Each structure stands twice: as structure tokens, then as C-alpha cells.
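Here the structure is a predicted model, which means the values were calculated and not measured. Residue numbers start from 1 in every chain, and the chains themselves are labelled A, B, ... in the order their sequence lines are given, proteins ahead of strands. Hydrogens, waters and symmetry mates play no part in the numbers below; they use all other heavy atoms, side chains included.
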Amino acid sequence: MENLAPISPGADAIERLVQGLNPPQRRAVEHGEGPLLVIAGAGSGKTRVLTRRIAFLVATGQAHPSEILAITFTNKAAQEMRNRVEELVGGVSRLMWVMTFHSACARLLRANAERLGYKRSFTIYDQADSLRMVKRCMEENEVDPKRFTPRSIQAAISGAKNRLEDSTDYAAQQSSYFEQVVSEVYSLYERRMVEASAMDFDDLLVRTVNLFELFADVRERYQRTFRWLLVDEYQDTNRAQYRLLQLLAGEAQNLTVVGDDAQSIYSFRSADVRNILEFEHDFQGAEVVKLEQNYRSTGTILDAANAVIANNTEQKQKNLWTDAGRGEPVVVAELDDEHAEARYVAGEIERLVGDEDYSRDEVAVFYRMNAQSRVLEDTLVRYEVPYQVIGGTKFYERAEVKDAIAYLSLLANPADAISFTRVINSPRRGIGRQTESRILSHTNTTGEEVWDVMSRPDVVPGLGSAAVKAVTRFAAVMAGLRDRAEGDSVAELLESVLHDTGYFDSLEAERTLEAEGRMENLQELIGVAGEFDINRKVEGEEREDTPLEEFLAQIRLFTEQDGIRDTESLITLMSLHNAKGLEYDAAFIIGCEEGVFPHARSVEEGNLEEERRLAYVGVTRAKQRLYMTCARRRSLHGTSGWNLPSRFLREVPDELVDHKAMAIQTGWQGGRSDGAAIRGFGGRGELRAADRVQPQTPEAEFRVGDDVVHASFGEGVITSVEPGSVVVVRFASEGGERKLMADYAPLKKAS
DNA sequence: TAATATTACCTTTTT
DNA sequence: GGTAATATTA
């Protein structure tokens, strides 16, 4: 034997897994049994730590791949983690469960639904479906939807579930009239959901907790199955998720959680920061590792982020640092209104992409509210900057897509009352509200499934002969489709559904552009189904579920997040919430104004610290360049008003900032009028009232930012105004700029 | 029942 | 400004 120090076969591989890690990262990766908390600052390489740790556990033989359950919050994050783990450990990664809380729960429940009184083929209701159910329950209980909005009641129910209170618990401690109403609706909602064999997103978590609490054998089985638990974004967990982890972790407590309390921005969705703040208390003997070295941003950007977040009181102390150098200052630009802001952003993007060689897919614009994207989009179109918008109305929330999915849901689960109400008169087949609600009350009184009732409409009291006929025809079509549901692929089935039900025909009959778009969306959905069919065939595992059931389960937990592309040459627009977990070379945070960001409502409700964390998230997305902009005047829901610059702007130390106060160059006004605007940022104190109200002379002349139309060059925008009534116009048709004599050119303001 | 006028209302939303 | 849920009428 030549080797004096025998090296085990995997030693090399193991060494490679910890190579290139900094000391705390390495400590986290090499941690053995027992609870581990990793406080991971923004950009500190947490995904790297998580994936290496998984690989390390497998490589050292501490864990068998099938014993690993790694949980994320988004499908996208799960996908990324799966890929990266596979790169490290190879094909055995397929034995691990790497998925979202909700997917994991759905899968566990699918196998055990009957023990909780649900059908195996239970349907997952998204928020919109669940809201419809809440509305129906309110109607049944004769709750006035004007007095209490369905939304607020839904939110109250969801909140209760996330605290693991069922309707009985809730009823026991209600103390106001509103809560009393909620508790009644909640109780009916629970009943109707079980009858429809449907679960909303909260149910997926809560019912899994129920399953583990009620059935020790099930709990112990899964405790043994998943000996190693790893959770990403732990700061976003709620009580139900916490309880779930506690139950799964069992005695062994091989639980690794990674998160950053400073990035907790989902309290309105019942996420509870205390979960991460009290982890060491909840899981005794936990090792704590802090990752503070940032590999993403410049020193200037990090200092800005640190300075902003320092204004919060409750947090785990940490200080992000980097050895990457200072970089450029943060640009803070104050503009006249949201249009000027949009033009500034568009202009800067052109400059970054054109002159500084930034790639478009490395540029993003963040805003507080989705509604803010509209003005920006208009401007980007005019500047011919290609972009994509993340969020807003999502593909899977479009009416036609939901209709199509509802048809499939009803085929898979004949008790699904909400899907029934969605499709019964869409397309129009002369079945109105009356008929619909009579059928539903009949199902509620007899306890039958909607499918059975609609198949025999003659037994429903109060239905006229025309209604009976229409419903019978509908039921016959559905019955025909159900016969096919068994054999056909999902794509084929979906296509039959859309043809046989007359859905395509009615869209075609509309002959509008909108209808055409809907057809395209439906074609895309068929495409998604086709892809699913192919993948399923490839995997070829033995499965108990039908393809249809599986497809529906998957698609319900799908979101637009999965559609974020970075391969194409597009800049990205999204809300600050959507930005978490992403990074861009250059980032713009627009609408940094009191009332917008921080949002007025958050200020009222005292959620300032969360708003500040949102600012922290936004700032830390930027790798090299950060812009923060605000508008003095902004139209918000119809009316225009004046705003103060956001306090978050003032919280960024002056020495890190390059102020750009874009005063309006009016040209004819004689003196410069930019003094007040610049002063707005100079001092730290309160802005004076005089700074807020900008006395503007009416639009007798052209001003920078005006949209104009030229008789021969077409639409354009004034980019500057020079002495002697010369205006510089950038025309959409040409891309370049042109100097014109304002008094003589055939130039008009656009309306 | 369905198409059209009118009015109320507005954050964020991984699943 | 724009949606979405009501009220109104054909």
C-alpha cells in the first residue's frame, strides 16, 4: 500500500464542494446533524450554500438523496435549485424532493387525501376561485357585500388559517360584529370546500398539518422519509409552515433554514418574521451562521442599503461588506412628473445600453405598484426600448385560460362547484344566474355532486323548461367529454373541450382583436398541455394519478414568475415585491415619493419598517448602477397631486449620491427656476411647504418632456428647450434628435 | 337574459 | 385612468 494516508473514494469530491467558499459559508455547508440557521444577507451566496450543503450531505454519506426535502417559495427557485444540485451530484438529484411548500403539500395530500375526507382527485382553488366561494357563502348567509367586502372576509379567513385556527377556533374568540360574520362565513366555507373536494392555497398547508397532527403513523412515516430538511427564504414562512416544519423535523431536528429578516416583505400574506428571529429559541442548540460578505453589489450600493435598513429597530444585526470596490454613486433624480420620470428612465437606459454597453436583460425598473408600469411602458414604446413586464395580469389569471382550466377541473372532479359556475354559461348558452343558483342550492340541500344534479335538471325545483333543455344539452356535451378524458392526452382533451363546448366558435364569432388574443392564449395553453404530455411520457414512471389530475395539480401552482426570461434582449419591469431574489447590473427604483413608496396605506397602518425592508430589497438588487427617481407631481387614480420625496431617499447618505434635480427648462421665463428643486434634496430637514408647490405658468409654450406632433416627422418628445425659441425634439420615427424653431415649425402639442 | 350605461374603488401577492 | 361590479334598458 503506497498511500500512507488512505483517502476515501469521495474525498476529492467532498473537497471540491467546499472549495471557494468563505469561512462562514463553509461552516454552514459542513454543519452536521441538528438545527442550523443561516442568516444570509442579500447577495451573500445563500443558494450556493444551500446547494453545496445538499451535495455535501450526500457526498459524505450522511444523507441518502431520497431523504432530502428542500423547500423554496417559488417554482422558479425550486427549478434553479434542482438544476444546481444536479450539477453537483448528478442524476441522483431526482430522488430528492426539491419543491415549493405548496407543491410538496399537494403531493403529500394527494396520497393521503381520503384520510381527511377529501377525494384523491381534489381540486386546488386559486385565490380567485376561493373568492368566488367566499362570495357564494356570503350570499347564502345573506351577508351584505357592501357592508363587508368579500375580499376582506377572504383575507380574514386566510389569516385565521395561517394562524392554524379553524372556524371553531375562530368562532370561540371572535369579538366584533365583523368577526362574528366572518366566523359564520368561514364555517360554511369550510363545509362547502370539503363538499366540492377543493382546497385553497392555505388549505394545502393547513390540511397537511392536520394530517400530521391527527395521524401519528403518517407523521412518523414522513419523518423517517425526510430526515433532512432545508428551507429557503425562511423569513417568509407563516405559522402553518413553521408548524409543518416542526412536525416533520421530529426528534432529529435536521433542519436547515436560510433567510434574511431584512428581506421580510410578505407580512400582509401572514409571513411572520418572528419565525426567523426566534429560531434559536424554537430549535434548541441551533448553530447560527451569518453570511455578510456580499458578492453582488458595489460598496456604494451596499453602504446605501445598510444606511437605509439601519433606520429599522427590530432586526438581526448584520453589516454587508464587499471587497469589490466603490463603484459609481447612486443617482437620485427628481423629475417634474411621472412622464418626465419615465422619459428620464428611458433616456438613461438608452445611454447605458448604447454608450456603456450594458446588456438590456441586465437592466430592470422596479416600482411599488403595478399601476406605475403603464406610463413607463408608453414611454419605452416611444423610445423603442424593448421590455417585458412581470406581474400584473397573469396568463393563468386570464378569463379564457381560467375557463379552460375550469372545464378540465369539472371533468376531473365532478363535485367542483366553483368550476361549474365558471363554465355553465361561458360561452353563453342561455343559462342565467337564476338557473345556476337553483342548481347549486339543490346540490347543497341534497348533498349530491353538481355533476349529478346538472345531469338530471328536471329534478331541480323551479327550473323552467327552457332552462332544463339548455342544461341537459350542456350536461350531454360534458358527459361526452368525460368519456374521452380517460384515453386522450391532456392536449387532445383540452382541444376537444374547447371545440365541443362551442368555446372556440363563440370567440371566432366575435371577430374582434381581443377575441383573437384570447384564442392565442388558449392555443398557448394547449401547447403547455402538449409539453406536459411529452414530459410525462419521457419520465414514464408508474403513477396512480391520471394525467389530467396531475396536469391540473401542476398548473394550479404555476405562476408567471416562471416566465421571467433573461435570454432575450429585453429590459424588465416589475414590482419591488417581484424583484426579491433577482439581480441586475443596473436597477431603477421609480416613484420614490411619500405616499407612493412608502405607500400611504403602509404609513397609516404603521408598516413602515416593512416598507423600508422593501426599499432594502430594491437597493440590493443592483450590482453596479442604482437609480432612484421621484416625481414632484403625479397623477394617482385620476387626480394629480404633489408629493414629497421619499424618506428613503433622505436615508441614503449624501456622500453616496449624485443628485440630479431636473428643473423644468421653460426657456421663456428669464431666470432659472431650479433652485427650489435642488434644495429639496440638499438638507436633511423637513421640506418646506414652498418647495412642494411649484407655481407653473400654463402651457403657452413647449416645455421639456412635452409630447408633440410634427406635420412631417410625426410623433416626438421635446428633449430640451434652448434660447431663441429653439426646441430639440426626438422623433419616434427617426430615433435621433432634431433642432426646430418653435415659432415656425409645423409642431403641435400632442393631446 | 344580455348588452350597455354608470358608479365605486383603488398596495404589495412567492403559492 | 382604468377596472369591475352594479343598475338600467331593450
Side-chain angles (χ1 to χ4, degrees), chain A residues 71-79 99-106 124-131 135 145-146 149-151 154-155 158 162 199-205 232-233 235-238 240-241 263-271 338 366-372 374-375 378 390-394 396-397 399 425 427-436 464 466-467 470 553-562 564 574-582 591 595-605 607 610-611 613-615 617-618 634-640:
Chain A
I71 296 179
T72 63
F73 273 82
T74 68
N75 293 308
K76 187 170 175 261
Q79 185 62 50
M99 53 183 90
T100 66
F101 267 109
H102 295 265
S103 321
C105 288
I124 298 170
Y125 281 179
D126 66 16
Q127 236 159 6
D129 296 331
S130 142
L131 187 64
K135 278 184 194 156
K146 278 181 198 129
T149 65
R151 274 226 86 91
Q154 184 192 35
S158 172
N162 286 318
M199 296 199 205
D200 61 28
F201 288 153
D202 301 322
D203 286 331
L204 291 176
L205 305 172
D232 194 12
E233 306 280 16
Q235 77 280 356
D236 291 332
T237 50
N238 60 31
Q241 287 157 334
Q263 292 187 64
S264 158
I265 54 175
Y266 281 105
S267 74
F268 65 91
R269 270 193 47 60
S270 298
E338 73 269 28
F366 308 137
Y367 33 77
R368 179 66 236 265
M369 296 174 284
N370 287 121
Q372 286 173 261
R374 191 160 294 123
V375 176
D378 290 346
I390 306 300
T393 334
K394 295 165 182 158
Y396 292 102
E397 286 167 13
N425 200 32
R428 305 259 130 91
R429 42 177 81 88
I431 302 171
R433 279 236 323 267
Q434 286 284 343
T435 310
E436 179 196 304
Q554 209 179 81
I555 212 159
R556 292 282 184 165
L557 298 174
F558 237 59
T559 67
E560 202 71 354
Q561 280 280 323
D562 312 306
I564 299 181
M574 67 176 101
S575 70
L576 283 154
H577 282 88
N578 266 317
K580 201 179 68 173
L582 304 175
V596 177
F597 185 39
H599 195 276
R601 197 111 139 225
S602 297
V603 179
E604 279 163 34
E605 290 169 5
N607 285 339
E610 179 147 319
E611 291 286 293
R613 290 194 290 267
L614 197 53
V617 167
R634 176 182 301 274
S635 315
L636 222 52
H637 7 226
T639 47
S640 149

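If you check distances only, the side chain of A:R433 never reaches the base of B:dT1 with a donor-acceptor pair under 3.5 Å. At a cut-off of 3.5 angstrom, the base of B:dT11 holds no donor-acceptor pair with the side chain of A:H599.
Across all strands shown, A:R374 has heavy atoms under 4.0 Å from sugar-phosphate atoms exclusively, and none from any base. Within the nucleic acid shown, A:Q127 comes within 4.0 Å of at least one base atom, counting heavy atoms only. Residue-level contact check: A:S635 touches neither bases nor backbone, having no heavy atom under 4.0 Å from any strand. A:E611 comes within 4.0 angstrom of a base, heavy atoms only. A:Y266 comes within 4.0 angstrom of a base, heavy atoms only. Within the nucleic acid shown, A:N370 comes within 4.0 Å of sugar-phosphate atoms alone, with no base atom in reach, counting heavy atoms only. Using a 4.0 Å heavy-atom distance criterion, A:E605 is classed as a base contact.
Judged purely by distance below 3.5 Å, without hydrogens or angles, the side chains of A:E338 and A:S635 pair a donor atom with an acceptor atom.
Residues A:M574 and A:F366 meet the side-chain proximity criterion, which asks for heavy atoms closer than 4.5 Å. Here the side chains of A:D129 and A:R556 are in contact, with some heavy-atom distance below 4.5 Å. The shortest side-chain heavy-atom distance between A:L576 and A:V617 does not fall under the 4.5 Å cut-off. The shortest side-chain heavy-atom distance between A:L204 and A:F101 does not fall under the 4.5 Å cut-off. Taking 4.5 Å as the limit, some side-chain heavy atom of A:H577 sits within range of a side-chain heavy atom of A:F268. In this structure the side chain of A:Y125 never reaches within 4.5 angstrom of the side chain of A:D203, judged on heavy atoms.
Nucleotides C:dA4 and B:dT13 place their P atoms 15 Å apart, quoted to the nearest Å.
The phosphate of B:dT12 (OP1 or OP2) has no side-chain N or O of A:N607 nearer than 4.0 angstrom. Regarding contacts with the backbone of B:dT14, a side-chain N or O of A:N578 is found under 4.0 angstrom from either OP1 or OP2. The phosphate of B:dT14 (OP1 or OP2) has no side-chain N or O of A:T72 nearer than 4.0 angstrom.
With B:dT15, C:dT6, B:dT13 as the choices, the nucleotide that has an atom nearest any side-chain atom of A:K146 turns out to be C:dT6. You'll find that the side chain of A:T100 is closest to B:dT15, out of B:dT12, B:dT15, B:dT1. Checking B:dT12, B:dT14, B:dA3 against every side-chain atom of A:R428, the shortest atom distance belongs to B:dA3. When distances run from any side-chain atom of A:N425 to the nucleotides B:dA2, B:dT12, B:dT14, the shortest one goes to B:dA2.
Per the geometry, CE belonging to A:M574 stands 12 Å off P belonging to B:dT14, to the nearest Å. Residue A:K135 contributes atom NZ, which lies 12 Å from atom C1' of C:dT6 at whole-angstrom precision. Between A:H102 atom NE2 and B:dT13 atom P there is a gap of 16 Å when expressed in whole angstrom units. Note: CD (A:Q372) to P (B:dT12) measures 9 Å, nearest angstrom.
In this structure B:dT12 sits in the anti conformation; its chi angle is more than 90° from 0.
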Run the side-chain hydrogen bond (donor to acceptor under 3.5 Å, both in side chains) test on A:Q434 and A:E436 for me, step by step, so that the C-alpha distance in whole Å, both residues' side-chain angles and the decisive distance to 0.1 Å come before the verdict.
CA-CA 5 Å; A:Q434 286 284 343; A:E436 179 196 304; over 6 Å; no
Let's go through A:S602 and A:E610 carefully: what are the C-alpha distance in whole Å and the side-chain angles of both, what is the deciding distance for side-chain hydrogen bond (donor to acceptor under 3.5 Å, both in side chains) to 0.1 Å, and is it a yes or a no?
CA-CA 8 Å; A:S602 297; A:E610 179 147 319; over 6 Å; no
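Residue whose closest nucleotide on DNA chain B sits further toward the 5' end, between A:S103 and A:T435: A:T435. The nearest heavy atom of DNA chain B to A:F268 and to A:G430 marks one nucleotide each, and the one closer to the 5' end goes with A:G430.
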Distances for protein N or O near nucleotides 6-10 of chain B N or O, under 3.5 Å:
none

